[in-house]
Amino acid sequence: MKMSRFLVPTLKEAPSDAVAVSHKLALRAGLIHQEAAGIFSWLPLGIRVLKKIEQIVREEMDRAGAVEVLLPTIQKADLWRKSGRYDDYGAEMLRIKDRHDRDFLFGPTAEEVMTEIVGAHVNSYQQLPVILYNIQWKFRDEVRPRFGVLRSREFLMKDAYSYDLDEAGARESYNRMFVAYLNIFARLGLSVLPVRADPGPIGGDLSHEFMLLAKTGESMVYADDRALGLPAPGVPPEDRAELQALVDERLAPYAASDELHDASEYEARVEEGHRMEARGVEVGHIFFFGDKYSRSMDVKLDGPDGQPIALQSGSYGVGVSRLVAAIIEASHDEKGIIWPEAVAPFHVGIVNLAPDKEEVSALANKVYNALEGAGRQCLLDDRKIRAGGKFADMDLIGLPWQVVIGPRSVASGELELKNRASGETVSLGFHDLIARLTQGSAGN
Ligand code: P5A
């Protein structure tokens, strides 16, 4: 992509109402455009990051045996009346009337919609377990939308729902999602800690939040620091007991966020020297709530003995749009964003210092074509602006690699390659540069 044809409206200063660093940088790097409080448009760089996160979440859900569907954003109020949540949900629910004066709402979550689908289309216990997921925009009329897409009113959520015949099966589904979440966050390059959590309005008796540690996080996390930095579990064991053991190991011996934190238990369970108290951003939240929705919505299946059984369920959320901001919170410096390779909007930024000079542009195009041909996504800065502005913009938008090409590169045959995260710079000839960026550390 050539920057002269792209839309990257970078800003030197963030608007004064942006306080969180991720909000400031998302606006300054031209990722998002605010439409109203807590409602954003996604600009070209922003949507590329959002789609990459979405795709990683999708691949890990598929790998865990979950099946994708797409539910509507607009839901019938009657479904929520049936579950009993319509009145309980309160002012966070955006209520809508259609032209016939019928009640609808913009979905804040979809336990009811999914449970009704399962009731209508899953006919036999032999089709269980089933885990369905949906990546769709949600709306919650938050009292204080803030920090940009970190806490917005409209946001993209991956929400999965599991249906099992019995509680042991449902806990296995819960554990499969737990492991899938660890794999998702590891692929995103994030250090995320699962902690015990309060189920809140979703309900149930078992719940975990996945907290990304970041200085500006809204919640406090208390944990044994040895729970951090563990490798991704990868493919989970088939065996139910082994799977449970894996989940227990990842939770041991203490990890809680402020709501459920118990200081005396913490001190008893975690040795001094391993106690970690840090701020975190909730990027995922999973719930086991048994037959709460299947019972209230009367979704039953005949069990193996012919007796009707209300299904056992859980729901599993990832804040896909929140992750864009959360990743920035966790990965930036004073110059701007530092995207992890897996979600970077482009892998390589090519800075053409002299777009007016034919030989320089020819060399920049040659590098661009070679990298794109090898599957590396490049953003070529061919704008006719001063060099300082180009360097500042490249650092601000945070692509993992920068290649700088000017008249001197043409003369010497040496190109400058900079790693955004480390700041390290090397001079390489054309072939070495292409080799470096298409294999090994730069690859994926
Ligand atoms: C789980 C899936 C649920 O809604 N129902 C379906 C359950 N859980 S949750 O914790 O309320 O939300 C899941 C994740 O969505 C993100 N999220 C938000 N992101 C941006 N702005 C918001 N206002 C917002 N609210 C929730 C979080 O990442 C949360 O973990």
Side-chain angles (χ1 to χ4, degrees), residues 20 22-23 26 32 34 37-40 42 50 53-54 57 61 66 69 71 73 75 80 83 85 89-94 106-115 131-163 173-174 177-178 180-181 184-185 188 190 192-204 206-212 214 217-219 221 257 259 280-289 292-293 313-330:
S22 59
H23 189 191
I32 53 172
Q34 181 161 332
I39 302 179
F40 296 88
W42 291 81
L50 190 69
I53 298 171
E54 182 181 328
V57 172
M61 282 293 108
V69 296
L71 308 180
T73 53
Q75 306 179 1
W80 287 67
S83 74
R85 281 210 289 181
Y89 213 91
E92 274 197 11
M93 180 184 277
L94 180 64
F106 196 118
T109 176
E111 279 77 9
E112 285 80 356
V113 177
M114 201 69 101
T115 302
I131 306 179
L132 298 171
Y133 76 96
N134 170 56
I135 303 176
Q136 178 62 291
W137 293 90
K138 306 289 189 287
F139 196 94
R140 292 182 185 174
D141 205 350
E142 304 262 352
V143 200
R144 283 217 295 154
R146 56 199 167 133
F147 308 150
V149 295
L150 201 60
R151 176 168 296 282
S152 47
R153 292 199 292 171
E154 191 181 37
F155 59 96
L156 189 61
M157 192 204 286
K158 183 287 297 175
D159 41 327
Y161 305 84
S162 67
Y163 298 88
S173 293
Y174 184 94
M177 289 293 106
F178 187 105
Y181 276 37
I184 289 172
F185 298 124
L188 291 172
L190 301 175
V192 167
L193 194 70
V195 305
R196 271 193 290 141
D198 177 359
I202 307 290
L206 173 65
S207 175
H208 289 99
E209 287 169 346
F210 290 76
M211 306 297 293
L212 172 67
E218 280 189 276
S219 328
V221 178
S257 62
E259 308 146 325
V281 178
E282 178 201 314
V283 287
H285 198 161
I286 62 177
F287 304 82
F288 169 68
F289 43 72
K292 177 174 170 185
Y293 296 93
S313 286
S315 70
Y316 315 91
V318 170
V320 178
S321 53
R322 169 175 288 185
L323 272 164
V324 175
I327 293 170
I328 301 174
E329 289 289 336

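Start at 1 and go down the list; that is how both ligands and their atoms are numbered.
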Quick one: ligand 1 N/O to protein N/O pairs below 3.5 Å?
residue, atom, partner, partner atom, Å
ligand 1, 4 (O), R140, NH2, 2.8
ligand 1, 5 (N), T109, OG1, 2.8
ligand 1, 5 (N), E111, OE2, 2.7
ligand 1, 10 (O), E282, OE2, 3.3
ligand 1, 10 (O), H285, ND1, 3.2
ligand 1, 11 (O), R140, NH1, 2.8
ligand 1, 11 (O), R140, NH2, 3.2
ligand 1, 19 (N), R322, NE, 3.4
ligand 1, 21 (N), S152, N, 3.2
ligand 1, 23 (N), E142, OE2, 2.8
ligand 1, 23 (N), S152, O, 2.8
ligand 1, 28 (O), E282, O, 3.2
ligand 1, 28 (O), V283, O, 3.4
ligand 1, 28 (O), G319, N, 3.3
ligand 1, 30 (O), E282, OE2, 2.4

Relative to the ring of W137, is the ring of W42 parallel (under 30°), tilted (30 to 60°) or perpendicular (over 60°)?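 W42 and W137: tilted rings.
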Is the ring pair Y174/H208 parallel, tilted or perpendicular, if the boundaries are 30 and 60 degrees?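 Rings of Y174 and H208: tilted, as their planes differ by 30° to 60°.
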So, taking the atom named CZ in F185 and the one named CG in L323, what distance separates them when rounded to the nearest 0.5 Å?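 Going from CZ on F185 over to CG on L323, the span is 5.5 Å.
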Check side chain to side chain donor-acceptor pair (under 3.5 Å) between R153 and all other residues, then give those that pass, not counting sequence neighbours.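 By the side chain to side chain donor-acceptor pair (under 3.5 Å) rule, R153 matches D141.
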I'd like to know if K292 and E111 make a salt bridge, using a cut-off of under 4.0 Å between side-chain N and carboxylate O.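 Here K292 does not pair with E111 in a salt bridge, since their nearest N and O are not under 4.0 Å apart.
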Do Y316 and F178 have ring centres separated by under 6.0 Å?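 Here the rings of F178 and Y316 have centres that are no less than 6.0 Å from each other.
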